[in-house]
Amino acid sequence: MCGIVGYVGPRDAVSIILNGLKRLEYRGYDSAGVAVINGNQIEVRRDAGKLSQLIDLVGKSPLQGAPGIGHTRWATHGAPSARNAHPHVGNTGKVVVVHNGIVENFLEIKDEMMAEGVNFLSETDTETIVHLAEHHQAAGVNFVEAARRTFKQIEGANVVLLMSVDEPDKIVTARIGNAGGVVIGLGENENFIASDIPAILEHTRKVIFLESRQMAIITRDSVRIETLEGVEVSPEIHTIAWDAVAAEKGEYRHFMQKEIHEQVRALTDTLAGRVDFKAGRIRLPELNLTPEIAKRIQRIYITACGTAAYAGMVGKYLIEKIARIPVEVVIGSEFRYSDPIVDENTVVLAISQSGETADTLAAMEEGRRKGGIIWSIVNAIGSQAMRVSDGIIAMQTGPEIGVASTKAFTAPLVDQYMLAILLADLRGTIDEKTRKALVADLRLVPDLAGRVLDTESEVEKVAHALKDITGCLYLGRGINMPIAYEGALKLKEISYIHAEGYPAGEMKHGPIALIDEEMPVLCIAPKDPWHEKMISQIQQAKARGGMVIAVATEGDELIKGMADHVLWIPEAPWMLSPILTVLPLQLLAYHIAAIRGLDVDQPRNLAKSVTVE
């Protein structure tokens with residue numbers, strides 16, 4: 001989940017690396033550092049805290065050279081400190097490393113190294129890597145072979161970049177397991193390495209994605225890809241269409257605010273090329289779904305983490321209602337430990353913004369091992385989840401920078417709606433009239449979403465009224481029950497206010513004890529099949545003195561007369577209503593956090609792509 005940038009070429013590496021790391025700040029980190037080769041020595045600058053502190057340090061104590069590597073670290077082993085920050089240099093001063101992931105056997109390696117007299121200067125697992133590489137070099141092999149032996153010796157999911165003064169013209173990198181991505185950018189007489197595309201997009205759009213158990217030897221004029229066993233690989237070169245400007249805030253105060261408003265475009269883009277409104281049909285060609293496969297599916301597991309899991313909960317309602325296939329939603333970190341019943345008639349559908357989430361990838365691997373059909377709904381093009389799937393649905397939302405996911409929540413709702421229609425069509429479980437009506441409803445989505453976002457100023461007023469709360473209970477029923485979970489999560493992760501999402505019908509079985517004049521209750525109550533039941537829940541909350549904030553359909557005078565505050569949405573088909581009900585909750589959480597002066601885009605302790613278990 002940390003940021004990595006590397007550069008090999010004629011230019012000074014420092015500014016390239018620092019600018020690249022700045023574009024990766026959204027990934028979450030607690031320290032940062034940079035290293036370059038200058039003549040026959042390695043120079044390092046690193047510090048705890050934000051990247052701005054590293055930039056100040058470099059300003060006071062300049063360094064220059066190339067090649068170079070840089071890193072933003074999220075602590076797993078050892079507290080956030082300058083001592084534990086990457087890069088780490090070996091005892092000989094000849095090799096330097098940056099690393100994402102966890103070296104699972106680091107204690108064993110560390111004990112062996114210390115017995116040989118190696119002096120460890122940090123508490124990190126990462127430092128074992130650089131000492132191993134120096135150990136193998138001392139045995140008489142060249143730098144590339146020493147790196148290969150090191151990569152093969154460490155256990156766990158890891159991404160590693162190494163440089164050595166013995167071969168100062170290159171960087172050697174490897175991806176071992178699912179510890180995040182390695183993107184190699186191809187330039188003219190220069191090459192780049194990064195853990196995510198935005199870091200290098202200003203320099204090149206031609207990239208190679210490193211697969212698991214592959215390593216790359218990168219110089220200014222060559223990139224050689226090999227397996228860890230030494231077999232050369234011919235990589236596919238991808239051309240990225242993203243504009244670097246898309247990774248900038250523009251007119252918005254925070255990336256999160258920008259990405260909330262980008263949802264109108266993102267929803268349009270996820271529909272693009274997939275909906276034939278004239279014929280009333282859905283096309284998902286990259287899913288590789290045939291009538292034969294569709295008819296043999298007996299069960300679908302949706303697996304994901306956090307926000308993506310809540311999107312999957314909405315998908316369960318859609319797929320079961322429209323396609324009539326049993327669906328179970330299993331949190332990614334629990335999937336492989338639950339011994340799921342998977343066979344060749346089972347689909348494991350993973351949802352992930354980054355496509356690099358370790359727990360989700362592990363769930364996909366378990367589904368593959370048991371013979372299931374593996375699908376994924378992913379935003380990051382070329383990510384690991386996308387590459388290992390039998391079929392994919394790309395969210396097509398463009399880069400999402402803010403840690404708190406927004407557009408990568410609503411896009412999968414549409415994607416699963418389309419998937420449900422396609423499955424029903426191929427299985428013959430839906431008639432033509434119903435299919436065409438469901439497809440036609442998709443026309444409404446971007447405009448309806450835009451109308452909700454136009455109410456931001458009204459939501460901000462409610463945020464001012466709630467800015468000092470210490471807790472909040474979110475209630476929803478049916479297809480909007482997962483939106484209660486998601487709304488509560490958004491408030492928790494960016495405002496640090498305790499919030500709990502709950503099935504509204506369960507309120508009387510415990511949470512009702514919490515309700516008094518100090519406990520706001522947010523009720524998601526659009527005009528859907530559960531509307532009358534939500535009215536009852538609102539009445540129960542009001543009877544106990546609770547402040548009620550309702551998400552309701554425009555013109556609902558009954559709720560207007562009952563609630564203290566109303567967040568309005570336009571009338572919409574009930575199966576698409578979660579796309580709308582979540583939008584004011586995103587805005588509410590955003591504005592409460594902004595009013596409280598918090599770091600909205602980089603909330604404490606969180607990261608965009610969680611690549612460790």
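If you're wondering where the values come from, they're calculated on a predicted model, not measured in any experiment.
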Sequence neighbours left out, what passes side-chain contact (heavy atoms from CB on, under 4.5 Å) with [X]? Give chain and number order.
{"X": "Ala363", "result": "Thr303, Phe335"}
{"X": "Thr346", "result": "Arg299, Tyr301, Val342, Asp343"}
{"X": "Glu320", "result": "Lys316, Val327"}
{"X": "Asn288", "result": "none"}

State, without any angle test, whether [X] and [Y] hold a side-chain donor-acceptor pair at a distance under 3.5 Å.
{"X": "His591", "Y": "Glu456", "value": "yes"}
{"X": "Arg274", "Y": "Gln396", "value": "yes"}
{"X": "Lys490", "Y": "Thr307", "value": "yes"}
{"X": "Asp415", "Y": "Thr270", "value": "yes"}

Answer yes when Arg477 and Asp528 have at least one side-chain N-carboxylate O distance shorter than 4.0 Å, and no when they do not.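 Not counted as a salt bridge, because no side-chain N and carboxylate O are separated by less than 4.0 Å.
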Would you please name every residue forming a salt bridge (charged side-chain N to carboxylate O under 4.0 Å, His left out) with [X], sequence neighbours left out?
{"X": "Arg281", "value": "Asp425"}
{"X": "Asp441", "value": "none"}
{"X": "Arg368", "value": "Asp390"}
{"X": "Asp556", "value": "none"}

Between Arg296 (side chain only) and Pro291 (backbone N and O only), is there a donor and an acceptor less than 3.5 Å apart?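 Side chain of Arg296 to backbone of Pro291: no pair is present.
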Short question: side chain of Asn345, backbone of Gln298 - any donor-acceptor pair under 3.5 Å?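 Answer holds: no.
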Could you give all pairs that pass the ring pair (Phe, Tyr, Trp, His ring centres under 6.0 Å) test and reach residues 260-286, with sequence neighbours left out?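 Found Tyr252-His261.
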Surrounding CZ of Arg283 (heavy atoms of other residues, nucleotides or ligands, distance under 6.0 Å), is the total greater than 12?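 Not more than 12 within 6.0 Å, no.
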Do you know which of Met395, Glu259, Lys258 makes side-chain contact (heavy atoms from CB on, under 4.5 Å) with Lys407?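 When side-chain contact (heavy atoms from CB on, under 4.5 Å) is applied between Lys407 and each of Met395, Glu259, Lys258, only Glu259 qualifies.
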Donor-acceptor pairs are to be reported for all side-chain atoms of residues 445-455 against protein atoms at under 3.5 Å, with residues two or more places apart or in another chain.
residue	atom	partner	partner atom	Å
Arg451	NH2	Glu554	OE1	3.4
Thr455	OG1	Val452	O	2.5

Can you give me the closest heavy-atom contact between Leu580 and Pro570, atom names plus distance?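 Leu580 and Pro570 have their closest heavy atoms at CD1-O, 3.9 Å.
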Applying side-chain hydrogen bond (donor to acceptor under 3.5 Å, both in side chains), can you list everything that pairs with Glu292, at least two apart in sequence or on another chain?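 Once residues adjacent in sequence are excluded, the partners of Glu292 under the side-chain hydrogen bond (donor to acceptor under 3.5 Å, both in side chains) criterion are Thr290.
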Listed once per pair and sorted, the side chain to side chain donor-acceptor pair (under 3.5 Å) pairs that draw on residues 558-576, sequence neighbours left out: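 Residue pairs with at least one partner in residues 558-576: Lys542-Asp564.
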